[in-house]
Each structure stands twice: as C-alpha cells, then as structure tokens.
Amino acid sequence: MSSITLDAKIPAGPIEDKWQTWLDAHRLVGPRNRPAHTVIVVGTGLAGASAAASLAAQGYHVKSFCFQDTARRAHSIAAQGGINAAKDFANEGDSARRLFVDTIRGGDFRAREANVWRLAQLSANIVDQAVAQGVPFNREYGGALATRSFGGVLVQRTFYSRGQTGQQLLLGAYSALQHQVASGNARIYNRHEMLDVVLVDGEARGIIARNLVTGELERHAADAVVLASGGYTNVYYLSTNAMNSNVTAAWRAHKRGALFANPCYTQIHPTCIPQSGEYQSKLTLMSESLRNDGRVWVPRRPRDPRKPNDIPEAERFYFLEERYPSFGNLVPRDVASRAAKVVCDEGLGVGGTGRGVYLDFRDAIRERGRAVVQGKYGNLFDMYHRITADDPYTTPMMIYPAPHYAMGGLWVDYELQTTIKGLFAIGEANFSDHGANRLGASAMMQCLADGYFIVPHTVTDHLARQSARVDESHPAFDETLGEVRGRIDRLMNVGGTIAPQALHRELGEVMLDKCGMSRDAEGLTEAISTIQQIKAKFWSELKVDGKPDELNQSLELAGRVADFIELGELMCLDALRREESAGGHFREEHQTGDGEALRDDDRFAVVTAWEHGGEGAMPIAHDEQLTFENVKLATRSYK
C-alpha cells in the first residue's frame, strides 16, 4: 500500500491574498549564505533560463544544463504568437480576475484555482521584466505596446513580437543568464543530458548527466534540483516540438518517486502545416495568432477539386464561425482542432491527404491592407512560403491539427515542489496551471512566472530549512551512476536490427490514432496492448550503433524512446481511467448531443497523479480533489 498523500500546501485566506501571504511567511537565506548553496536547473528554455538567471542573481551558485550546443537553442525559441498579461492596454476592462477566469474555463475546470490566480497576478510583472530587458514587442503608432486576441478570450491581452515572441523572450532570459555566467554565479553545461536524479535520504541532492560529446557520465551535487525540461508531445513522433525534445528528465524523476499528473492531457494545435509524406519526422507550427485575422473554411462540396481562390463565397463553409458565432475563429485550441477533424472526417478536407482546411487572409488584406498584415505576421508568412512554395498573401494557407503541448507533467504543490523533497518542476515540465487545455499565449506566461517570480522564492524557502551538505563523494552518487551505466549497457547490448527512430515512429502512430484528438475505451485498451508489444520488440530487436563512451546520437535517441514507450502506456491508462471528456481529452463515449465535451464533475474534478509501481508493476493512481470557490463550475460554451 502506497504511503503517498498529496498535499498541495495552498495558503489559507482569500485567493487574492494567498501568494502574498505565502511570501510574507516563507523562510529566507541571508545574502552572505547564498553562495554556499548550489542549485541545479535542468533546461534553458524560458522557464529554465529565467529561473537560473534569477537564482544566480540572488547569489546562489547555479549549474544550468541543456542538451543543445548552446542554451539559446532551447525549444522555447520556436514559440511564435505572444504572451498573455492582464495589463488592459487595449482599454477593454481586462483584469487579473478575467485572465484567471478565462484560464480556468479554457482548461475546462481541471486546474488548481490557487495556482492559476497567482499566474494571473504575476502576468503584468512578466511584461515589465521583458520590456526592461529590451524585448522588442510590437507597438502601436503612439508607442504603446500592441496587443491582439488569442483563442478562448474576448479581449486583446496578448503581447507579441511579430511571430517571433518566443525567440525574443528567450534571448532576454538568456542574456540575463549570461550576465550571471560572466559574474561567476552561474555555469552552463551545454551538450549535457540529465539521465537520473540522485536522492539522499529521499531528498533530491544532485543529478547524473551524460556529456553528449565525450560520452562521460558526470556527477553533479546540489542543494536543490529544478526541472525545466519541457513537455512530452514527441511521444507522438510527429509533433510541432523540436526533434530532440523528450521526457527523459521528468520520467527518470518519476521513476525515483515524483508523481506524474494528468499524462493524458495533451494539446493538439489547430494551426499547423499538414503532413505531406511518410518521410517527415516533424510538423511545423503556424502561430494561433493567425486565427486572429485569418478565416478558417473548407469547400461545401466534398473532395472539391477547384483551387481555393476559384471557390465562390457561397460555396465556402466557415465552420468555426457558423458553429461558434460568439467566438468564431477564436475558439480554444481543443475546440478548433476537433472541429477541423470533424469536417475532414466528413470528406470536406483539402489537400492530397484530405487532412487539411484553409486559413484565409483575403478579407483581412482587403480591409486593413497588406502592410498591416505583414507587420503582424510577415515572418510567419515567409516561413509558410519557404516550406510550401505557396504565397499566403494571395493563396489561403492549408493547415491541420498536430500534437503540440503537454498540459500534464510532474505533480507539484503550490510551491512547485514535486513529491520528492528538494525537486522542483517548472514550466511545461509540471502540470499546474492549464488544466485539460492550454489557452494560446499562456505557455510563455507560465514559464516566465515560474522562473522569474515563483521558484526563486520557493527554492529559497527549501534551502532555508536544509541543514546537511552533500557532495559528489556520497555513496548515493556511486549507486545512481552505476544504475545509469547499467541502463546504457542494456541499450547497447540488445543487438537487434531495428533503429530506435523506427520504433519511435511505430509508437507515435499508435498514440496519435488511439490517444490523439479523440479516444475511446476500446481503442485505448488496444493501444495499451500494442504499446506493450512495441516495448517487447524494443528490448529484443533494438539496434544502437557506435559506442557509449563517445558522441552517439543513436544511443541518445534509444534512451529517449525507451522512456516515451513507458510514458505512452501511462498516458493510455490515464485516458482510460478518466471516463469523461474534458478539454484536450475527448472520450467519444462522453459527449453532448452536438458533439461537445461532456465532463463528469462528480467523479473527475480531480488531478490524477500516478506513482511508479516498480518495474513490471502497475502504476498507482492518486487523486487530488479540485475545489472551485471563485469560479462556478459550468459547461463550457463558445457559441
């Protein structure tokens, strides 16, 4: 019987005061004592870079790890459309409360209220921080920061830098981190991959990392470990994530005792360039901001052979506008993605595969002029043109949903600490803020809120309570390093003939088909059985080239695929157990008469956090009950 209990550690009092109440009471570490503490931060995206920079600026010694050749190549750089903040520059009556309500509602009432309120509160600080760093946000003619709308809201609260917002925000955080490197407070370990977390008396006290250039396994001790390693939607093989994005850091922590929450909550992004062939290993995201001015449609005639510009207005089906008149093309991502799938399933899809819909800027260009559209989306249009050879200024874009974001992740309490003491998870690596569906432009907001404004305080509170020091000579490092080396040897010695990429593709096809935009009990049960067969094949027929003590990308991929296979099975188990539809988790058996998600609040207004049951054993589910005291539970409607 498991002894784990989920304590979210939410402060008492009104929701508006909870974060300040916590700040007023948390323990501090004096400035002269901070350099004696080491904090490891794994990942250098928006969450990781901002956390490492902020902790180092406070005076802690920070070790920052990334598997890229430079910290600024983290996948956050690919984020495009913008970052939400409740500053109401558009003078529409926006507020932190409205952002809070939109986020809870957009997540289909499956997020923790206290965390979401804090995120909304801190959102304005993030934009101020970025402006101070020189992030070149778009501005109105008079100089004020420009904002635009994103799906799931009726106000313009998204700040943006054309279609390069993630890149610009990451460069701001990266610059802050490099300043700390130059000051001697931080050190960046490029081309290093975390392969395990080291526990001493049940507390995270370091990591084992592999130098990806030399193959050497390294020990790194710390007083706290922060995981900012991103999401896991590359489990689908084809996704909008960078090809090296993986779940390994979070999954190895999970197998050490960190619970994994809501793994079935993944987001299929509605605005991506459709797959063009079997050869592809990645899909390309086109920012959701494009739906702010573009109109989504398909021909009313099935398999219409005409070019889009030859189809008259009366024969165009603007399915989002017709079905959701209040929000139109700005419905949340899960709603827009399912609607696109439905019209394609009905034979109205476009393109060679029939898995595509049009995103048309004809009306926006006619009404506001090409220069205005180009000023907002020019680089996105250029990217689309380079990839497809079609000019979106004159021909509608072709888009289709693709796996994009993970709302699930490591379970964390209000302090962003996992069920392993001293191990924190921030950004997309945790589950905390988005419920069953993330609103567009909220990912960057959460990453920077966690990194700049939350985890520096919560890590400090943890360090202030710590007494014993641990270094790399502790026997726990020998033991964990031996286990990592044993796992590598096992991968190298399978001796089969199938490359890890082929097994990854096989897994991805199962996941997308059975646990993608829609799921049902029969398909999920079948998927679990199939994944178990893939796992058996992996460990009997895998081929890893090269040697372990050298640069070996085959070995890197094999380890990541092994973790994805285990994660995929847990995702299907979680989806099978959650007998409701909520946000991105759409069970075919649980829908309204007109095809919308049907929640079961009596049974599933919970966060399901899974405990690793041990090798070959079933995982153990733990539920954290969600309470809604500030937003009334209601069926989402965007009509």
Do [X] and [Y] meet the criterion of a side-chain donor-acceptor pair at a distance under 3.5 Å?
X      : Y      : value
Gln68  : Asn244 : no
Gln466 : Glu203 : yes
Ser183 : Asn185 : no
His61  : Thr38  : no
Gln129 : Asn125 : no
Asn437 : Gln267 : yes
Glu288 : His269 : no

Grab the two heavy atoms, one from [X] and one from [Y], that are nearest each other, plus how far apart they are.
X      : Y      : result
Thr147 : Ala90  : OG1-CB, 3.9 Å
Tyr160 : Gly82  : CB-CA, 4.1 Å
Asp69  : Asn190 : O-ND2, 3.4 Å
Asp94  : Arg157 : OD1-NH2, 2.8 Å
Ala52  : Leu177 : CB-CD1, 3.7 Å
Tyr236 : Pro403 : CD1-CB, 3.6 Å

Below 4.5 Å, heavy atoms only, C-beta onward: do [X] and [Y] meet side chain to side chain?
X      : Y      : value
His404 : Arg333 : yes
Thr418 : Leu227 : no
Leu570 : His254 : yes
Val247 : Phe564 : yes
Thr419 : Glu611 : no
Asp223 : Arg469 : yes
Phe150 : Leu439 : no
Val153 : Thr158 : no

Self-check item: Working for side-chain contact (heavy atoms from CB on, under 4.5 Å), residues Tyr232 and Thr248
Solution: CA-CA 9 Å; Tyr232 52 81; Thr248 289; over 6 Å; no
Practice problem: Please determine if Arg219 forms a cation-pi arrangement with Phe477, meaning its NZ or CZ atom is less than 6.0 Å from the six-membered ring centre and no more than 45° off the ring axis. | Solution: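 Cation-pi check for Arg219 and Phe477: fails.
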Quiz item: On the ring face of Phe453, is Arg118 found with NZ or CZ under 6.0 Å from the centre and within 45° of the axis?
Solution: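 No, Arg118 and Phe453 do not form such a contact.
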Quiz prompt | Intermediate values then yes/no, side-chain hydrogen bond (donor to acceptor under 3.5 Å, both in side chains), Ser245 and Asn234 | solution = CA-CA 7 Å; Ser245 296; Asn234 266 358; 4.6 Å; no
Quiz item: Given the rule in the side-chain hydrogen bond (donor to acceptor under 3.5 Å, both in side chains) test, do Asn246 and Glu556 qualify, once you have shown the distances and angles that lead to the verdict?
Solution: CA-CA 10 Å; Asn246 62 81; Glu556 293 171 33; over 6 Å; no
Quiz prompt | Arg560, CZ atom: more than 12 neighbouring heavy atoms under 6.0 Å | solution =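 Counting other residues, nucleotides and ligands, CZ of Arg560 exceeds 12 neighbours.
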Quiz item: For Arg187, does the CZ atom have more than 12 heavy-atom neighbours from other residues, nucleotides or ligands under 6.0 Å away?
Solution: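 Not more than 12 within 6.0 Å, no.
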State plainly whether the residues [X] and [Y] are in salt-bridge range, i.e. N to O under 4.0 Å.
X      : Y      : answer
Asp201 : Lys421 : no
Asp88  : Arg98  : no
Asp334 : Arg636 : yes
Arg256 : Glu483 : yes

Practice problem: With side-chain contact (heavy atoms from CB on, under 4.5 Å) as the test, would you mind laying out the steps for Ile207 and Arg252 before giving the verdict? | Solution: CA-CA 10 Å; Ile207 66 171; Arg252 301 292 168 82; over 6 Å; no
Exercise. Please assess Lys87 against Asp128 for the test salt bridge (charged side-chain N to carboxylate O under 4.0 Å, His left out), listing each intermediate value before the final yes or no.
Key: CA-CA 10 Å; Lys87 293 181 76 71; Asp128 293 340; 3.0 Å; yes
Exercise. Indicate the ring-plane relationship of Phe109 and Phe628, choosing parallel, tilted or perpendicular according to the 30° and 60° boundaries.
Key: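 Rings of Phe109 and Phe628: perpendicular, over 60°.
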Just verifying a value: how many Å separate [X] [atom1] and [Y] [atom2], rounded to the nearest 0.5 Å?
X      : Y      : atom1 : atom2 : value
Asn430 : Asn262 : CG    : CG    : 11.0 Å
Asp433 : Thr103 : CG    : OG1   : 8.5 Å
Leu23  : Leu28  : CG    : CG    : 9.5 Å
Lys18  : Glu16  : NZ    : CD    : 9.5 Å

Practice problem: Answer with yes or no after comparing the ring centroid distance for Trp251 and Phe260 against a 6.0 Å cut-off, counting only values under it. | Solution: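 Centroid distance Trp251-Phe260: below 6.0 Å, so yes.
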Quiz prompt | Aromatic centroids of Trp117 and Phe100 separated by under 6.0 Å | solution =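 Yes, the ring centres sit under 6.0 Å apart.
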Exercise. Could you check His585, His434, Glu580 and say which one makes a side-chain hydrogen bond (donor to acceptor under 3.5 Å, both in side chains) with Arg110?
Key: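 It is Glu580; the other options fail the test.
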Quiz item: Only one of Leu169, Ile83, Ile77 clears side-chain contact (heavy atoms from CB on, under 4.5 Å) with Leu46; which?
Solution: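 The side-chain contact (heavy atoms from CB on, under 4.5 Å) with Leu46 is passed solely by Leu169 among Leu169, Ile83, Ile77.
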Exercise. Any chance you could lay out the side-chain contact (heavy atoms from CB on, under 4.5 Å) test for Met445 and Leu122, step after step, and finish with the verdict?
Key: CA-CA 9 Å; Met445 175 175 63; Leu122 294 173; over 6 Å; no
Quiz item: Hey, does the side chain of Glu428 reach the backbone of Ala406 with a donor-acceptor pair shorter than 3.5 angstrom?
Solution: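 Flag set: sc Glu428 to bb Ala406 pair under 3.5 Å.
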Quiz item: Is it true that a side-chain atom of Asp623 and a backbone atom of Gln625 form a donor plus acceptor pair closer than 3.5 Å?
Solution: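 Not at all, since once roles are kept as given, no pair shorter than 3.5 Å links the two residues.
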Practice problem: Carefully, step by step, assess Arg112 and Val607 under the rule side-chain contact (heavy atoms from CB on, under 4.5 Å). | Solution: CA-CA 9 Å; Arg112 189 190 289 153; Val607 175; 5.8 Å; no
